[in-house]
Amino acid sequence: MAIIKGIQAGITGTGKYIPERIMTNADFEKITDTTDAWITERTGIKERHFAAADENCCDMAAKAGLAALADAGLSPDDTDAVILSTNSPDSIIPCSAAKVQGMIGASGAGAFDVISGCTGSLTAMLAAISGVSCGLWKNALVIGAEKFHDIIDWDDRSTSVLFGDGAGACVISRSEEGKGRFVSGRIEADGEKHGLITAGLGGKEDKLDMKGQDVFRFVNSKLPPFVEDFCRDSGTAPRDIDFWVIHQANMRITESLFKRLDIPLDRTLPNLDRYGNTSSASLLINLEEAMTAGRVRPGEKTAFVAFGAGMTLGALLYAA
Ligand code: UT7
């Protein structure tokens with residue numbers, strides 16, 4: 001089951017916020033036993049941005065959220081729900097979405113966080129689509145924001161070079177006949193693999209720990225059949241999708257997925273080289289850049305694909 005029924009839900013605005021501070025691979029060479037060549041060849045990453053010391057997840061989320069609302073031509077008051085996907089919230093209590101709701105002045109809107117690894121923003125989009133499609137909400141603001149700087153284990157070269165900070169956002173609203181709409185969606189989890197990517201609260205285990213090779217193997221074996229099944233259940237085939245918005249984890253993962261599904265690589269717009277892996281912000285940053293570049297075109301199909309801690313997988317199909 002993948003097809004979305006009910007009132008049409010579409011994307012009416014997108015936004016992003018990328019913090020100023022840049023850390024290049026050359027900067028990493030000075031503090032870690034690594035090389036620009038290793039990072040580039042194994043991941044496709046050249047540089048990543050990090051938030052300022054006094055800049056938190058909610059600060060970045062609020063900026064991306066306001067940009068998406070402005071792009072949609074909406075005021076914060078028009079928002080029925082603020083849904084924030086993050087794995088690096090300012091706090092657990094209160095939820096960071098409520099803080100962002102207050103910061104942007106979306107008075108009256110409901111607010112909740114989604115924590116689902118790098119699949120979180122796709123999951124948050126699915127929650128927004130569900131709320132709009134069932135008639136509960138008119139406009140839902142979905143934000144993915146991460147401040148990974150503070151949870152990175154800087155002594156672990158196999159993970160420290162991968163991640164970056166940032167925020168992306170989109171507004172999902174009721175849409176009219178003939179306008180863009182979400183056609184189908186699916187999320188899946190393999191909880192037996194929950195130990196592959198972890199970060200706790202307090203103590204030594206609060207830092208990010210990832211069994212990189214195992215994650216790589218899991219994603220490469222599970223993602224292609226997951227996407228194929230999803231497309232089939234959505235009444236289409238991977239080759240017939242015009243554009244792909246994909247979680248930016250590793251360029252080798254994107255290339256391997258596209259090769260397996262026989263999709264030309266120019267049907268996606270990678271930005272891993274500039275931002276690294278921004279976890280659950282990455283899908284929405286990628287969406288904003290695709291929209292700005294005019295790659296989500298009327299009459300065409302766009303697929304969203306995400307994967308991450310849990311292990312979790314997710315896909316959405318959008319017809320513009
Ligand atoms: O977003 C959530 C989902 N996350 C992912 O999808 C991440 C999936 N995993 C990956 O992207 C890759 O596994 C990594 C990029 C994390 C690692 O790449 P790899 O090709 O799997 O490398 P590896 O772990 O097999 O390590 C190969 C070698 C090792 O050295 P030896 O044992 O062969 O001597 C590592 O110690 O590379 C070494 N290495 C490094 N060398 C230089 C590991 N990290 C580094 C580094 N610089 N930063």
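Note that the numbering runs from 1 along the sequence shown for the chain. Just so you know, ligand 1 is whichever comes first in the structure, and atom 1 is the first atom listed for that ligand.
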Atoms in ligand 1 flagged as close to T43, the criterion being non-hydrogen separation under 4.0 Å: 15 (C)

Whether Q8 side chain and R181 backbone form a donor-acceptor pair below 3.5 Å: no

I39 heavy atom under 4.0 Å from ligand 1: no

Any N/O pair G212/ligand 1 closer than 3.5 Å: yes

Proximity of T34 to ligand 1 by residue part, where a heavy atom lies under 4.0 Å: both

I253 neighbourhood, listing ligand 1 atoms whose heavy-atom distance to it stays under 4.0 Å: 6 (O)

Exam field: side chain K147 to backbone E55, donor-acceptor pair closer than 3.5 Å: yes

Ligand-side contact atoms (ligand 1) for residue partner V161, heavy atom cut-off under 4.0 Å: 48 (N)

Under 3.5 Å side-chain donor-acceptor pair for S173 and T12: yes

Residue and atom name of the nearest protein heavy atom (relative to atom 29 (C) of ligand 1), distance in Å to one decimal: R157 NH2, 4.8 Å

L287 side, atom CG; T302 side, atom OG1 - distance, nearest 0.5 Å: 8.5 Å

Protein contact of atom 28 (C) of ligand 1 - nearest heavy atom, named by residue and atom, plus distance: W38 NE1, 4.2 Å

Protein contact to atom 11 (O) of ligand 1 [nearest heavy atom, distance to 0.1 Å]: N250 ND2, 2.7 Å

Nearest candidate to atom 21 (O) of ligand 1, where distance is taken over non-hydrogen atoms, out of E29, M210, E41, Q213: Q213

Flag, side chain of D90 to backbone of C57, donor-acceptor distance under 3.5 Å: yes

Mode of N277 contact toward ligand 1 - side chain, backbone, both, neither (heavy atoms, under 4.0 Å): side chain

For atom 3 (C) of ligand 1, the protein heavy atom that lies nearest, with its residue and separation: V215 CG1, 3.8 Å

Within-4.5 Å side-chain heavy-atom neighbours: E288 and Y17: no

Ring center gap for F50 and W154 short of 6.0 angstrom: yes

Heavy atom of the protein closest to atom 19 (P) of ligand 1 (residue, atom name, distance): R42 NH1, 3.7 Å

Numbered atoms of ligand 1 (with element) below 4.0 Å of H247, judged on heavy atoms: 1 (O), 2 (C)

More than 12 heavy atoms from other groups under 6.0 Å of NZ on K138: no

Contact (N/O only, under 3.5 Å) between T35 and ligand 1: no

Part of C118 within contact of ligand 1 (heavy atoms, under 4.0 Å): side chain

Numbered atoms of ligand 1 (with element) below 4.0 Å of F307, judged on heavy atoms: 6 (O)

